[in-house]
Amino acid sequence: MVQVKLFDCEHERDLEDEMNDFLSELEERDIIDIKYNVAAIGEAGSEQVYCFSAMVLYVK
């Protein structure tokens with residue numbers, strides 16, 4: 001059965017750590033795909049907020 005795991009973090013290092021922890025529990029052959037996205041939110045002249053997210057498709 002195909003499963004999906006979503007990750008959403010404010011810092012890229014946090015996303016990396018969370019994903020590495022999760023991926024270490026899977027067999028490499030069970031990973032179908034990984035999608036990655038970065039979004040920046042904010043207006044000109046103000047502080048920007050970043051959102052780092054990823055989706056792992058895998059077989060369970």
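In what follows, every heavy atom counts, from backbone to side chain, and hydrogens, waters and symmetry copies are set aside. What you see is a predicted model; the values in this text were computed from it and never measured.
The two residues Glu12 and Phe52 come nearest to each other via the heavy atoms OE1-CZ, 3.3 Å. The heavy-atom pair separating Cys51 from Asp8 by the smallest distance is SG-OD1, 2.7 Å.
In terms of the side chain to side chain donor-acceptor pair (under 3.5 Å) criterion, residue partners of Arg13 (sequence neighbours excluded) are, by chain and number, Glu16. The ring pair (Phe, Tyr, Trp, His ring centres under 6.0 Å) test applied to Phe7 returns Phe22, not counting sequence neighbours. Every residue meeting the side-chain contact (heavy atoms from CB on, under 4.5 Å) condition with Leu6, not counting sequence neighbours, appears here in chain and number order: Val4, Met55. Among residues two or more places apart in sequence or in another chain, the side chain to side chain donor-acceptor pair (under 3.5 Å) test is passed with Asn37 by none. Annotation: side chain to side chain donor-acceptor pair (under 3.5 Å) contacts of Lys5 (sequence neighbours excluded): none.
With a 4.5 Å cut-off on side-chain heavy atoms, Ile34 and Leu23 count as touching.
Screening residues 50-60 for side-chain hydrogen bond (donor to acceptor under 3.5 Å, both in side chains) gives Gln48-Tyr50 as the qualifying pairs, with residues at least two apart or on separate chains. Residues in residues 19-29 take part in no side-chain hydrogen bond (donor to acceptor under 3.5 Å, both in side chains) pair, two or more places apart or across chains.
Hydrophobic clustering places Ile31 together with Tyr36 (ILVMFWY residues linked when any side-chain heavy atoms are closer than 4.5 Å, directly or through intermediates). Cluster membership check: Leu57 does not share its hydrophobic cluster with Leu15, using side-chain heavy-atom separations under 4.5 Å among Ile, Leu, Val, Met, Phe, Trp and Tyr.
Under a 4.5 Å side-chain heavy-atom criterion applied to ILVMFWY residues, the cluster that includes Val49 comprises that residue alone.
Put simply, CG on Asp17 and NE2 on His11 are 12.0 Å apart, with the number rounded to the nearest 0.5 Å.
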